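Taking it in order: structure first as structure tokens, then the write-up.
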Amino acid sequence: MGYECPVCGVDEADGEHLANHLAFTALVRGGDHEAWLDDTVPDWEDRDPESLAPDVTPHAEETDTETVTEPHGREMPAVEQHGDADLSGEAAAILDEAQDITEQLHESSLASPDSEDGDDDSETQ
């Protein structure tokens, strides 16, 4: 059983994912998510998702969100992705850097999928 964000309507897999979504979006974008948390849970910035969840879930509509299993066996919430976020300044720079690092790690793992340290042992004979 999941929850719909009371601010933007995005489905989250459970209470902790909802709390994480609300807090992360409030920190990165501010706006409605931050205002809602300020009004609903004034000390939200001092909490982790586990302790925030019980105070945000009563305000959220329950959904039948199903979890999706990734190839690595981790369960992830089946949520709608929004690519139209209007980020600027430090938040945009952080996300750009994170994307670059992720791409580098992905390319590195494709170049040597069997090597943990990045060395390709297949060249050594």
Side-chain angles (χ1 to χ4, degrees):
M1 183 72 49
Y3 293 94
E4 183 178 294
C5 175
V7 179
C8 68
V10 168
D11 287 343
E12 293 295 340
D14 56 37
E16 286 186 35
H17 282 92
L18 174 63
N20 191 50
H21 161 78
L22 284 162
F24 184 77
T25 306
L27 289 171
V28 172
R29 290 192 216 159
D32 293 341
H33 286 78
E34 183 176 21
W36 187 89
L37 280 170
D38 287 344
D39 290 342
T40 309
V41 189
D43 67 339
W44 67 271
E45 290 183 272
D46 299 325
R47 299 195 191 185
D48 60 14
E50 184 178 349
S51 66
L52 184 58
D55 289 328
V56 297
T57 54
H59 303 279
E61 185 174 323
E62 289 187 8
T63 65
D64 291 328
T65 301
E66 296 179 25
T67 56
V68 176
T69 303
E70 285 191 342
H72 300 290
R74 296 181 307 213
E75 291 193 357
M76 299 294 290
V79 297
E80 181 181 347
Q81 299 295 319
H82 296 281
D84 58 351
D86 182 22
L87 298 176
S88 60
E90 187 176 353
I94 290 168
L95 290 177
D96 286 343
E97 183 178 357
Q99 183 176 0
D100 290 344
I101 291 170
T102 302
E103 288 173 0
Q104 290 170 6
L105 289 172
H106 181 69
E107 290 170 4
S108 165
S109 69
L110 289 177
S112 56
D114 295 330
S115 176
E116 291 182 20
D117 61 2
D119 293 334
D120 187 358
D121 294 334
S122 64
E123 292 180 18
T124 311
Q125 296 193 13

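Just so it is clear, the values below take in all heavy atoms, side chains as well, and ignore hydrogens, waters and symmetry mates. If you're wondering where the values come from, they're calculated on a predicted model, not measured in any experiment.
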4.5 Å side-chain heavy-atom contact, Val7 and Leu22 | yes
Any donor-acceptor N or O pair under 3.5 Å, side chains Asn20, His17 | no
Just wondering, are more than 12 heavy atoms of other shown residues or ligands nearer than 6.0 Å to CG in Asp48?
-> yes
Got a sec, which residues hit ring-ring contact (aromatic ring centres under 6.0 Å, His included) with Trp36, two or more places apart in sequence or on another chain?
-> His59
Would Leu37 end up clustered with Leu27 when hydrophobic side chains under 4.5 Å apart are linked, directly or stepwise?
-> yes
Are any of the side-chain heavy atoms of Asp32 and Thr25 separated by less than 4.5 Å?
-> no
Between Ala60 and Glu4 the two heavy atoms that sit nearest each other are CB-O, 3.3 Å
Pro58 to Ala53 - nearest heavy-atom pair and separation = CD-O, 4.4 Å
Given side chains that start at C-beta, do those of Gln99 and Glu103 come closer than 4.5 Å, heavy atoms only?
-> yes
Side chain to side chain, Glu61 and Tyr3, heavy atoms closer than 4.5 Å = no
Apply the test side-chain contact (heavy atoms from CB on, under 4.5 Å) to residues Glu34 and Trp44: give CA-CA distance (whole Å), side-chain angles for both, the deciding distance (0.1 Å), then the verdict.
-> CA-CA 9 Å; Glu34 183 176 21; Trp44 67 271; 4.1 Å; yes
Considering only heavy atoms from C-beta outward, does the side chain of Asp46 approach that of Ser51 to under 4.5 Å?
-> no
Closest approach of Cys5 and Leu18, non-hydrogen atoms and distance?
-> CA-CD1, 3.6 Å
Go through the steps for Thr63 and Glu12 under the test side-chain contact (heavy atoms from CB on, under 4.5 Å), then give the verdict.
-> CA-CA 8 Å; Thr63 65; Glu12 293 295 340; over 6 Å; no
Applying side-chain contact (heavy atoms from CB on, under 4.5 Å) to Gln104 and not counting sequence neighbours gives none
